[in-house]
Amino acid sequence: MTVRTRFAPSPTGFLHIGGARTALFSWAYARRHGGTFLLRIEDTDVARSTPEAVQAILDGMQWLGLAHDEGPFYQMQRMARYGEVIQQMLTSGSAYHCYMSKDDLDTLRAEQEARKQKPRYDGRWRPEPGKTLPPAPAGVIPVVRFRNPTDGVVSWDDQVKGKIEFANAELDDFIIARGDGTPTYNFCVVVDDWDMAITHVIRGDDHVNNTPRQINLLRALGAPVPAYAHLSMILGDDGQKLSKRHGAVSVMQYDDDGYLPEAVLNYLARLGWSHGNEEVFTMEQFVAWFDLDHVTASAAQFNTEKLNWLNAHYLKLADDQRLAVEIHRRLKASGVDTGVSNIDAAGIAAINKDRVGNLNELSDIAHLFYVAPGISNELASMHLTEVAVAALRDLRTRLQDAVWTAPELSATVKQTLTATGLKMPQVAIPLRVALFGQTQSAAIDKVLAVLGREETLKRLDRVL
RNA sequence: GACCCUAUCGUCUAGAGGCCUAGGACAAUACCCUUUCACGGUAUGAACCCGGGUUCGAAUCCCGGUGGGGUCGCCA
């Protein structure tokens, strides 16, 4: 049997971190078993679905590098098929028309809640042997309800949570088609998973309660029941649940915030899944190791600090040319023209990538190379003392004819040390202030090498 | 309220009855390295929710409690 998994978001917003992990696990499971991963857009909520959201989801998936093998399928394009199945069910008696109005339904639910009961449809239009149904009210367009079994239990062996069992008595006859004929979620999912031959449904925890309904539907249709794996939810950094109002952000926000996709992926993989003590691994390793047995059943709290650590780790490993592209992109976005200078962004990346936590910090440093920052009075008076300026003057003369490589520049600075009798920090710090308006930078010889002779002398002359 | 799920250091987790005086990672703290800030290295502190069982033996199995979460839509 070929494994077929799917990621089925509804296009009512961006791809957030929880959805991204669900997609990642579905993708990995298919890859792990040489199967097929498909993307399905569940857009039957016409009022809330937007093309922008579809694009946002596609963008997020692409940024993460989670490629689907089939799709994207759009449920709105499958209406004919849904109508056909509904008609079939109506004919076979596994579904029926219900003329109860929304108002009556609301009243019924309010009464049930007042009695502290579980709100549910009371089956008044459900056909039963020997039961006489009221005459269909004129002018009312009925909804279609599924005739759910009333006895027994429905259970499945959840691939992450173990055996889960529901009494059919707990389930009511849910609506599968609205008054306007459009099918509803549980129904579409079932028909799609069936038609698309999905073997493993990997989805969020919030669908556990839909599963017994979907299994009953599948059985009524005579369709095979796939394996289910329900992933527990991801809580915010503060332990609170993520919501639109609180903490739920688009995966693209992580791009904006300077995270590398491989860091986000590695973090997400490790959030709720483990492989012994492995913490840092490639996607190839993840795919080779991934299994549902080691997915945690309980909710996990998002930890930005650990993500930051992974991001810093992957930054160190990242190719300098790739980082150069990121630097240009980010600087350009903040209005800095990097074209006027011949400073090599890859060089900047090479000497700074192991000192920063994210791409934005790297870009901020790069900014200092492209545009000479001002020097605050405070720093000037503290570091550009008479002694320091004299040393810088000495250094300037030597720099004039120095061979412009880091080792040679290091030697040059040391000559100034010898000449002035100062210690390295006594020269290096004023030099940093003169060059960048701040006291910290990467190793000063490397910095000079990247900044270049012309720019270095120009900046030095400002303070001499 | 009903139903369903869940519970190991602050956080993510290892752990499938003896290997556990509970391991790793992030974070924290200390020290080392050092041309500043970082990086890096080393070390330290830090947890099995509670109560009953089962068993020679339980973090691991069972029951109950408590905490947390999910669902109860003509949303998905």
Side-chain angles (χ1 to χ4, degrees), chain A residues 8-12 42-45 47-49 75 98 100-102 105-106 109 112-120 141-145 158 160-162 164-167 169-172 174-186 188-189 204-212 230 232-233 235 237 239 241 267 270-280 293-294 296-310 312-313 316 352-357 361 410 413-414 417 423-429 431-433 438-447:
Chain A
S10 68
T12 54
E42 310 218 322
D43 53 358
T44 52
D45 184 352
R48 293 197 304 152
S49 297
Q75 290 187 322
C98 168
M100 189 172 182
S101 71
K102 275 184 198 180
L105 214 39
D106 288 343
R109 279 197 270 257
Q112 287 165 330
E113 260 174 86
R115 268 179 275 134
K116 305 231 181 245
Q117 287 173 341
K118 187 171 187 165
R120 63 212 305 276
I141 305 166
V143 298
V144 179
R145 285 185 183 270
D158 196 276
V160 351
K161 289 176 185 289
I164 301 181
E165 193 174 80
F166 281 82
E170 287 295 328
L171 276 23
D172 65 359
F174 56 96
I175 291 171
I176 59 176
R178 303 178 178 96
D180 65 6
T182 58
T184 60
Y185 170 73
N186 280 115
C188 297
V189 166
D205 214 346
D206 48 339
H207 289 292
V208 167
N209 292 274
N210 289 323
T211 307
H230 288 97
S232 57
M233 65 180 320
L235 271 22
D237 237 330
K241 64 174 269 195
Y267 179 73
R270 199 57 195 67
L271 192 64
W273 173 84
S274 61
H275 184 73
N277 286 336
E278 301 292 343
E279 294 287 351
V280 181
D293 293 344
H294 291 85
T296 325
S298 56
Q301 191 172 316
F302 194 89
N303 187 214
T304 303
E305 287 181 327
K306 189 161 180 179
L307 204 213
N308 289 344
W309 169 73
L310 274 168
H313 171 80
K316 291 184 188 76
N352 288 295
K353 65 181 177 184
D354 57 354
R355 311 173 57 245
V356 296
E361 286 173 19
S410 177
V413 173
K414 280 171 185 155
L417 259 32
K423 297 285 184 198
M424 181 59 95
Q426 294 174 291
V427 174
I429 303 242
L431 183 54
R432 289 187 172 96
V433 170
Q438 59 182 42
T439 56
Q440 319 107 306
S441 78
I444 201 67
D445 49 346
K446 292 179 182 165
V447 163

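First the proteins, then the strands, lettered A, B, ... as listed; each starts at 1.
Note on A:Thr296: a side-chain N or O is less than 4.0 Å away from OP1 or OP2 of B:rU13. Taking only side-chain nitrogens and oxygens, A:Ser274 comes nearer than 4.0 Å to OP1 or OP2 of B:rA14. Between A:Arg432 and B:rA38, a side-chain N or O to OP1/OP2 separation shorter than 4.0 Å is absent.
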Requested in this report: Go through A:His230 and A:Thr211 one step at a time and tell me if the side-chain contact (heavy atoms from CB on, under 4.5 Å) criterion holds.
Outcome: CA-CA 10 Å; A:His230 288 97; A:Thr211 307; 3.1 Å; yes
Report task. Show the numbers, then the answer: is there a side-chain contact (heavy atoms from CB on, under 4.5 Å) between A:Ile164 and A:Val208? Result -> CA-CA 9 Å; A:Ile164 301 181; A:Val208 167; 4.2 Å; yes
Query raised in the report: How far apart are the C-alpha atoms of A:Trp309 and A:Val280, what are their side-chain angles, what is the distance that settles it, and do they pass the side-chain contact (heavy atoms from CB on, under 4.5 Å) test?
Result: CA-CA 11 Å; A:Trp309 169 73; A:Val280 181; 3.8 Å; yes
Tabulate atom names and distances for all N/O pairs under 3.5 angstrom spanning the protein and nucleotides 40-49 of chain B.
none

Short heteroatom pairs, N/O only, protein and nucleotides 21-24 of chain B, under 3.5 Å:
unit_1 : atom_1 : unit_2   : atom_2 : d
B:rG23 : N2     : A:Asn277 : OD1    : 2.9
B:rG24 : N2     : A:Arg270 : NH2    : 3.3
B:rG24 : N2     : A:Glu279 : OE2    : 2.6

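A residue-by-residue look at A:Lys161 and A:Asn209 shows that A:Lys161 has its nearest nucleotide of RNA chain B further toward the 5' end. Comparing A:Asp293 and A:Thr184 by the nucleotide of RNA chain B whose heavy atom lies nearest to each, the residue mapping closer to the 5' end is A:Asp293.
Using a 4.0 Å heavy-atom criterion, one finds that A:Glu165 contacts the sugar-phosphate atoms exclusively. Residue contacts for A:Thr44: at a heavy-atom cut-off of 4.0 Å it reaches the sugar-phosphate backbone alone, with no base atom in range. Counting non-hydrogen atoms under 4.0 angstrom, A:Gly204 reaches nothing in the nucleic acid. A:Tyr185 comes within 4.0 angstrom of a nucleotide base, judged by non-hydrogen atoms across all strands. As judged by a 4.0 angstrom heavy-atom cut-off over every strand, A:Ser298 is placed among residues touching the sugar-phosphate backbone only. Across all strands shown, A:Ala443 has heavy atoms under 4.0 Å from base atoms, whether or not it also approaches the sugar-phosphate. As judged by a 4.0 angstrom heavy-atom cut-off over every strand, A:Ile175 is placed among the base-contacting residues. The residue A:Val143 sits close to a base: some heavy atom pair falls under 4.0 Å. Looking at heavy-atom distances under 4.0 Å, A:Ile429 makes contact with sugar-phosphate atoms alone, never a base.
In this structure, the separation between CD1 on A:Ile175 and OG1 on A:Thr184 is 7.5 Å, given to the nearest 0.5 Å. The CD atom of A:Glu305 sits 7.5 Å away from the CG atom of A:Asp237 when rounded to the nearest 0.5 Å. To the nearest 0.5 Å, atom CE of residue A:Met424 and atom NZ of residue A:Lys414 are 5.5 Å apart.
For the pair A:Lys316 (side chain) and A:Asp354 (backbone), a donor-acceptor distance under 3.5 Å is absent. Panel note: side chain A:Gln112, backbone A:Arg120; a donor-acceptor pair is recorded below 3.5 Å. For A:Gln426 (side chain) and A:Lys423 (main-chain N/O), a donor-acceptor pair under 3.5 Å exists by modelled atom type. Side-chain atoms of A:Glu361 come within 3.5 Å of backbone atoms of A:Gly357 as a donor-acceptor pair (strictly under, hydrogens ignored).
Here the C1' atom of nucleotide B:rU13 and the NE2 atom of A:His294 are 12 Å apart, to the nearest Å. Taking atom CZ of residue A:Arg115 and atom P of nucleotide B:rG1, one finds them 18 Å apart after rounding to whole Å. Going from atom CD1 of A:Ile176 over to atom C1' of B:rA76 covers 17 Å, rounded to whole Å.
Comparing B:rA47 with B:rU8, their P atoms are spaced 14 Å from each other, to the whole Å. To the nearest whole angstrom, the two C1' atoms, one in B:rC37 and one in B:rG45, are 27 Å apart. For the C1' atoms, the distance linking B:rG52 with B:rU66 amounts to 14 Å, nearest Å. For the P atoms, the distance from B:rA22 to B:rG10 is 15 Å, rounded to whole Å. Rounded to the nearest Å, the gap between the P atom of B:rA59 and that of B:rA16 is 13 Å. For the C1' atom pair drawn from B:rG65 and B:rU6, the interatomic distance equals 15 Å after rounding to whole Å. For B:rU13 and B:rC32, the C1' atoms lie 30 Å apart once the distance is rounded to whole Å. Distance noted for atom P between B:rA38 and B:rU29: 12 Å (whole Å).
If you check B:rA27, B:rA76, B:rC72 against the side chain of A:Asn186, the one that comes closest is B:rA76. Set against B:rC74, B:rU35, B:rU13, the side chain of A:Leu105 has B:rC74 as its closest nucleotide.
Anti is the classification of B:rC12, since its glycosidic angle lies more than 90° from 0.
Of the nucleotides present, B:rU44 is the one that pairs with B:rA28 by Watson-Crick or G-U wobble criteria, both distances under 3.5 Å. Partner assigned to B:rG1 is B:rC72, using Watson-Crick or G-U wobble distances below 3.5 angstrom. Nucleotide B:rU66 is matched to B:rA7 when pairs are restricted to Watson-Crick or G-U wobble geometry with both distances under 3.5 angstrom. Nucleotide B:rC56 forms a pair with B:rG18, judged by Watson-Crick or G-U wobble geometry with both contacts under 3.5 Å.
In this structure the side chain of A:Met233 never reaches within 4.5 angstrom of the side chain of A:Asp206, judged on heavy atoms.
The pair A:Asp172-A:Lys118 fails the salt-bridge criterion, with no side-chain N (NZ, NE, NH1 or NH2) lying under 4.0 Å from an Asp/Glu carboxylate O.
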